[in-house]
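Only heavy atoms go into these numbers, but all of them, side chains included; no hydrogens, no water, no symmetry mates. Numbering of ligands and ligand atoms starts at 1, following listing order.
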Amino acid sequence: MKLTARIITTDRTPIFTGSGSLLHVDRVIRSQHLGRDGIFILVDKNTRKHCLPLLLGQSASMTAARILEVDGGEVSKTLQVAEHLWNRMLDEGAGRQSLLVNLGGGVVSDLGGFVASAYKRGIPYLNIPTSLMGQTDAAIGGKTSVNAGTIKNQVGFFYASKGVFIDPLFLETLPENHLRSGFAEIIKCALAGDARLWRRLKNHRLPALLSMPPGHPFFQAMITHAVTIKHQAVVKDYRETGYRKILNFGHTIGHALETWSLGESRQPLLHGEAVAAGMICASYLSKLKAGLPDRDLDDIRTYLAEGFKPYPLGGDEKNALAGLLVHDKKNQQGRSRFTLISRPGIPVINVECDPGEISEAVDFYLQ
Ligand code: GLY
């Protein structure tokens with residue numbers, strides 16, 4: 001594969017994207033004097049098997065690192081698992097100058113960032129995202145978290161990593177449904193933040209894009225474009241008091257649906273699959289509340305429906321969803337606030353929608 005790695009930003013969290021990004025890990029560690037008290041790599045069972053050998057092959061600094069392993073999936077994003085990791089690190093003599101390297105998808109980077117943010121009041125960490133969702137969203141922007149019960153991401157800090165390395169090498173190891181799930185975040189960045197990216201995506205049907213090898217230059221260009229949009233939102237509004245909320249497009253109903261599907265275990269949804277459904281609902285609300293033209297609403301629904309199968313929801317499920325929306329952290333005083341769009345790429349934040357409108361949006365999704 002041709003090496004195409006480029007740096008997106010040189011601010012305090014350098015972000016590298018493209019083939020060869022991993023080759024920059026050692027230089028970042030050296031130039032920032034990281035890991036003087038040892039390096040720890042956080043993996044899950046999958047990334048230990050499939051991704052760790054790839055990292056060790058590209059970074060000499062990692063060869064002496066100690067490995068911390070957790071189970072894959074949301075079950076690991078808990079305070080108990082974080083406590084277990086803190087104890088492991090204490091036992092292994094990790095100090096304030098130790099470096100934690102998060103090698104995995106969104107669960108590993110959220111959990112690892114959280115562990116790093118609190119261990120000895122904060123140690124440095126790097127994110128090496130191995131899933132497309134991690135590469136386009138979770139690993140960027142310094143949000144760290146664990147779940148509270150079944151409600152996602154309720155406990156955490158804003159705590160920036162010392163570097164993010166987004167290398168297509170890892171995507172080759174991903175199952176197709178995880179690639180598809182991650183692609184939802186690219187579509188989100190386009191719809192919420194950049195009409196030009198939306199036009200680039202629409203030049204191809206979603207199934208055709210998803211059948212490209214992830215190392216394909218067009219696929220890589222889509223990732224880099226989405227990462228740039230996300231990074232710009234983070235730079236404008238790191239603590240999410242305003243503009244960064246554009247990144248929540250599709251996530252209000254999406255999170256509730258994801259929580260519901262995981263709790264019921266009837267048909268668990270991946271994060272991006274839930275967000276795709278949430279984006280169809282949010283686009284309908286955008287038509288109602290922000291003047292999104294019918295033509296754009298149709299385009300968005302057709303585009304997403306070609307890549308994501310509909311999730312069946314009956315009356316009971318709709319009521320349960322409404323209950324879960326109350327816990328969404330974007331809500332204030334129990335009212336649901338949405339990030340909507342007035343046109344693709346033109347976001348409108350903090351739009352209050354009432355339960356009747358939300359129910360109409362879910363009906364539109366189910367039609
Ligand atoms: N995942 C949304 C954000 O980072 O703000």
Output the distance between atom CG (D37) and atom CZ (R96), rounded to the nearest 0.5 Å. 10.0 Å
Which residues pass the side chain to side chain donor-acceptor pair (under 3.5 Å) test with Y125, not counting sequence neighbours? none
When you check the gap from the basic side-chain N to the acidic O, do K230 and E185 get nearer than 4.0 Å? no
Find out whether the Lys NZ or Arg CZ of R301 is both under 6.0 angstrom from the six-membered ring centre of F364 and within 45° of the ring's axis. yes
Closest approach of G307 to L206 (non-hydrogen atoms, all atoms of both residues): CA-CD2, 3.7 Å
Quick one: ligand 1 N/O to protein N/O pairs below 3.5 Å?
residue  : atom  : partner : partner atom : Å
ligand 1 : 1 (N) : D137    : OD1          : 3.2
ligand 1 : 1 (N) : D137    : OD2          : 3.0
ligand 1 : 4 (O) : K230    : NZ           : 2.5
ligand 1 : 4 (O) : R244    : NH2          : 2.7
ligand 1 : 5 (O) : K143    : NZ           : 3.0
ligand 1 : 5 (O) : R244    : NE           : 2.7
ligand 1 : 5 (O) : R244    : NH2          : 3.3

Answer yes if the ring centres of Y311 and W260 are under 6.0 angstrom apart, and no otherwise. no
